[in-house]
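FYI, the numbering just counts along the sequence from 1. Owing to the predicted nature of the structure, the values given are computational and were not obtained by experimental measurement.
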Amino acid sequence: TVAALAVAWAAPLGAAEFTLYGGGALGYGAQALDQPPLVIPPIIIGPGQEIPGQVLSRDIDGTDLALQAFAGVRLHRYAAVEVGYADLGSVNDIVPGLTGGGQLQQVEESVAITGLEVMLVGVWPINRDFEAFGKVGLFSWENDRSTDG
């Protein structure tokens with residue numbers, strides 16, 4: 001299939017003028033990190049006296065400003081290739097944690113996601129002023145997580 005496409009596009013690509021373009025996007029990125037809860041067992045303080053146990057959520061979720069920048073080259077009337085960078089924002093949250101001595105404390109955790117993308121763009125001209133397009137590609141992302149405390 002790839003060889004057939006290469007042969008079919010060989011003549012048009014040889015005569016085509018490549019067009020460079022770029023753009024960006026601004027929006028909100030939503031992030032959710034489900035973590036195991038912190039389980040504190042009941043504490044027996046005397047005969048018949050007990051402090052009940054607790055299950056404390058350590059989940060992190062929120063939204064932040066998300067940014068994207070991309071650049072592409074139009075290879076043909078019907079095809080283009082794009083590369084881009086996306087910053088999906090970072091979320092900070094305070095979650096419960098335990099010290100080395102077993103004391104309950106509040107811990108600040110943050111999660112930030114960034115990524116690179118490579119896309120193949122198919123273009124369908126509708127008329128002189130409008131085109132429809134679709135993208136398929138890869139998005140390689142990195143999730144940076146940090147904990148203070």
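Side-chain atoms of Ser146 and Ser110 form a donor-acceptor pair, as typed in the model, at a separation below 3.5 Å.
Closest approach of Leu56 to Pro96, counting heavy atoms only: CB-CG, 3.7 Å. The two residues Pro37 and Val55 have their closest heavy-atom pair at CB-CG1, 3.7 Å. Between Ala112 and Ser90, the closest heavy-atom pair is CB-CB, 3.7 Å.
Hydrophobic clustering (ILVMFWY, side-chain heavy atoms < 4.5 Å, transitive): Val123 and Phe70 are in one cluster. Residue Phe130 is not grouped with residue Trp124 when hydrophobic side chains (ILVMFWY) are merged at heavy-atom distances under 4.5 angstrom, including chains of intermediate members. When hydrophobic clusters are built by joining Ile, Leu, Val, Met, Phe, Trp and Tyr residues whose side-chain heavy atoms come closer than 4.5 Å, directly or via intermediates, Val121 is not grouped with Val83. Neither Leu104 nor Ile45 shares a network with the other; the hydrophobic side chains, linked directly or stepwise wherever heavy atoms of I, L, V, M, F, W or Y lie under 4.5 Å apart, form separate groups for each. The hydrophobic cluster containing Leu88 does not contain Leu26, counting ILVMFWY residues as joined when their side-chain heavy atoms lie under 4.5 angstrom apart, directly or transitively.
Distance alone, capped at 3.5 Å, places no donor-acceptor pair between the Glu82 side chain and the Val118 backbone. When atom types are taken as modelled, the side chain of Gln35 and the backbone of Arg58 share a donor-acceptor pair closer than 3.5 angstrom.
Rounded to the nearest 0.5 angstrom, Asp59 CG and Glu109 CD are separated by 10.5 Å. Taken from OH in Tyr85 to CG in Leu67, the straight-line distance is 8.5 Å, to the nearest 0.5 Å. Taken to the nearest 0.5 Å, the CD atom of Gln49 stands 13.0 Å off from the CD1 atom of Ile43. One distance of note links CG of Asn143 with CD1 of Ile113; it measures 5.0 Å at 0.5 Å rounding. One distance of note links NE2 of His76 with OG1 of Thr19; it measures 12.0 Å at 0.5 Å rounding.
Within a 6.0 Å radius of OH in Tyr28, no more than 12 heavy atoms belonging to other residues, nucleotides or ligands are found. Annotation for Phe133: atom CZ does not count as buried by contact number, only 12 or fewer foreign heavy atoms lying within 6.0 Å.
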Derivation of the side-chain contact (heavy atoms from CB on, under 4.5 Å) call for Ile94 and Val107:
CA-CA 5 Å; Ile94 304 292; Val107 177; over 6 Å; no
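The side chain to side chain donor-acceptor pair (under 3.5 Å) analysis of residues 61-74, with sequence neighbours excluded, yields the pairs Gln68-Glu117, Arg74-Glu131.
Through direct or indirect side-chain contacts shorter than 4.5 Å among Ile, Leu, Val, Met, Phe, Trp and Tyr, Leu138 is connected to no other residue.
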